[in-house]
Each structure stands twice: as structure tokens, then as C-alpha cells.
*Asks:* 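Below you will find the structure I want to go over with you.
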Amino acid sequence: MFPTKTDKARDELQGRQRTLSQRERALLLMADGRRSLTDFSPLFSTRDEAEQALSALVQRGYLQDPHAAAVAAAQAALLASQASQAAQAASDAQAAQAMAALPAVDPIQVSTSADSFDGKRSLATTRMFLFDICERMFVRRDPKFATQMRDALREARDREAMMTIAALMLSEVEKAAGAERAESLRERIDRLLPPAEIVH
């Protein structure tokens, strides 16, 4: 973990009243998202003591894991998308009931899209979803690949780059979890990516 300071940590460091020990404050000062437990260990007698202090500061809200925050954001985006789809389905059901109650008229031709996703399509939402896949499927199994994919996702600025990263990840998912799982994730990614013609 490469923790970063929260607003609570900044308040602690800037305030006149100190609620943390000098070592804990030093750890907060060093926490910039680029340093890990190995960097904090010299501040304490043992690595275990450093690990306990780091964990306590995270639990007390002074530090946060930026990757965990990204995963939480991705999950929130997915939940919002699912809620939007559920609301649309309920709305469609009500509309169908209302139509059934109307007197019969000439049939109306309605064109439907195979893709019923109505959530917000964006590169940011796609990026968060791919971060989530990376955390769930690769961090423990292949940490080096997970790091490479996270770095690539941070640098991706357009639809093509995002699709390339997704293809790499999905090929690994297929090896680890099978073609059906990879295809399921591919369909979800397709519903999250904005259409090529409206990408800004």
C-alpha cells in the first residue's frame, strides 16, 4: 500500500493541537502516495510496529489507500449504473401497463437497441471498472501485471488506449477464469465505453 493523507491528516499537521505522537506525525508527513511500509519502517523500532501504526492511521481516517478509493469509486459507479437500469426497467414496465390500458389503435413500429444500458458512458467510468477488475483478479495472482495495468490505466487518455488495456486484461482473465467470464466482462466494458464518435 502507498497511502496518501486525508483532510483529517492535513488538519492534524497544520493545527496547533497535536493528537498524534511525533512518529505518527512523521509518518503522515511522508505519506505522499509514493512511499510504502518499507519507507516508514525506519521511523519505528520494528517493521511490525510500523505496520501497526500505519494500519491504525488508516482506521482512524488520517491515511487512505488510493487504490482502495479507486475501487470504491468504481463500485459506486457500477451501483449507480445498476440502479439506473433498474429504474429504467420499472419505468418501462409502468409504460407497458399504461399502454395496455389504452384503447387499441394501429400498431406503432418501435426500434429497439440491442444495448439496453442507459447509464453514463464515459472513459472515467470504464477506467474505474477496469481498476476494479485489476484489483479483484490480478493483485494477488500476478502483482507485477496488476501494477503494469494500473499504471497504463492512469496514463490512458483516449478510447483506443482504454480498449487496448481492456483487451490485455481480458486475455489474462480468459486464461485464468475462462472464455465465458472474459466475454461477460467484455460486454460490460462495451456498455461503459462511450461511442467512438462522441469521445472528447
Side-chain angles (χ1 to χ4, degrees), residues 1-6 31-39 51 54-55 57-59 61 63-90 92 112-200:
M1 177 171 73
F2 295 85
T4 56
K5 292 183 256 311
T6 62
D32 60 2
R34 294 177 296 195
R35 294 186 174 104
S36 68
L37 179 60
T38 304
D39 301 302
E51 191 171 4
L54 179 61
S55 180
L57 289 170
V58 169
Q59 289 175 351
L63 295 175
Q64 65 183 358
D65 180 355
H67 299 304
V71 169
Q75 290 171 337
L78 288 174
L79 288 175
S81 168
Q82 290 168 349
S84 174
Q85 288 176 337
Q88 182 63 42
D92 291 348
T112 58
S113 169
D115 184 2
S116 63
F117 177 77
D118 64 350
K120 185 173 187 222
R121 292 173 171 267
S122 73
L123 290 178
T125 305
T126 307
R127 186 188 323 272
M128 290 299 103
F129 181 67
L130 291 172
F131 267 123
D132 188 48
I133 292 173
C134 192
E135 291 296 318
R136 291 173 183 261
M137 301 202 73
F138 303 120
V139 167
R140 290 192 184 131
R141 184 179 296 125
D142 190 350
K144 184 177 178 183
F145 180 77
T147 300
Q148 291 170 338
M149 291 299 99
R150 284 191 300 235
D151 291 344
L153 283 167
R154 285 188 198 100
E155 295 301 318
R157 297 287 177 255
D158 57 31
R159 188 178 196 275
E160 289 70 31
M162 202 71 72
M163 289 174 64
T164 301
I165 296 164
L168 286 169
M169 290 174 68
L170 290 172
S171 69
E172 291 300 314
V173 168
E174 188 169 347
K175 290 178 195 171
E180 187 174 309
R181 178 70 173 141
E183 186 57 34
S184 166
L185 293 172
R186 182 175 289 109
E187 290 171 4
R188 291 178 77 180
I189 291 166
D190 288 343
R191 290 195 308 262
L192 294 172
L193 272 171
E197 62 272 13
I198 64 165
V199 174
H200 300 288

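Heavy atoms only: backbone and side chains are in, while hydrogens, waters and symmetry mates are out.
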*Asks:* Would you find a donor on one side and an acceptor on the other, under 3.5 Å apart, between the side chain of D151 and the backbone of Q148?
*Replies:*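 No, D151 side chain to Q148 backbone: no donor-acceptor pair under 3.5 Å.
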*Asks:* What are the two closest non-hydrogen atoms of A146 and C134, and how far apart are they?
*Replies:*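 That would be O-SG, 3.4 Å.
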*Asks:* Hey, does F145 have a side-chain heavy atom less than 4.5 Å from the side chain of R150?
*Replies:* no
*Asks:* Roughly how far, to the nearest 0.5 Å, is CD of E187 from CZ of R191?
*Replies:* 7.0 Å
*Asks:* Would you say the side-chain atoms of T126 pair up with the backbone N or O of S122, donor to acceptor, closer than 3.5 Å?
*Replies:* yes
*Asks:* Rounded to the nearest 0.5 Å, how far apart are CD of E135 and CG of D132?
*Replies:*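 Here the interatomic distance stands at 8.0 Å.
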*Asks:* Less than 4.5 Å apart, side chain to side chain, heavy atoms only: is that true for I165 and M169?
*Replies:*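 Counting from C-beta outward, I165 and M169 do come under 4.5 Å.
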*Asks:* If we ignore hydrogens and angles and just use 3.5 Å, is the side chain of S184 paired with the main-chain N or O of E180 as donor and acceptor?
*Replies:* no
*Asks:* Going by heavy atoms in the side chains, are V58 and Q64 under 4.5 Å from each other?
*Replies:* no
*Asks:* How far does CG of L54 sit from CG of L63, to the nearest 0.5 angstrom?
*Replies:*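 One gets 6.0 Å once the value is rounded to the nearest 0.5 Å.
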*Asks:* Salt bridge check, R141 against E172: does any charged N sit closer than 4.0 Å to a carboxylate O?
*Replies:* no
*Asks:* How many angstroms lie between CE in M162 and CG in L123, if you round to the nearest 0.5 Å?
*Replies:*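 Answer rounded to 0.5 Å: 5.0 Å.
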*Asks:* Any Lys/Arg nitrogen of D190 or R186 sitting under 4.0 Å from an Asp/Glu carboxylate oxygen of the other?
*Replies:* no
*Asks:* Can you tell me if K5 uses its side chain to pair, donor with acceptor, with the backbone of D32 under 3.5 Å?
*Replies:*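 Looks like no, no N/O pair under 3.5 Å.
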*Asks:* Should L185 and L170 count as side-chain neighbours, where that means a heavy-atom distance under 4.5 Å?
*Replies:*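 Heavy-atom side-chain distance check passes, below 4.5 Å.
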*Asks:* Between S36 (side chain) and F2 (backbone), is there a donor-acceptor pair under 3.5 Å?
*Replies:*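 No; judged by distance alone, with no hydrogens or angles, the pair does not exist.
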*Asks:* Looking only at atom types and distance, does a side-chain atom of R127 sit under 3.5 Å from a main-chain N or O of L153, one as donor and one as acceptor?
*Replies:* yes
*Asks:* Kindly say whether L193 contributes a backbone atom to a donor-acceptor pair with the side chain of R121 at under 3.5 angstrom?
*Replies:* yes
*Asks:* Run the numbers on F131 and R154 for side chain to side chain contact (heavy atoms under 4.5 Å, CB included), then give the verdict.
*Replies:* CA-CA 9 Å; F131 267 123; R154 285 188 198 100; 3.9 Å; yes
*Asks:* Could you grab the distance from atom CD1 of I189 to atom CD1 of I133, nearest 0.5 Å is fine?
*Replies:* 4.5 Å
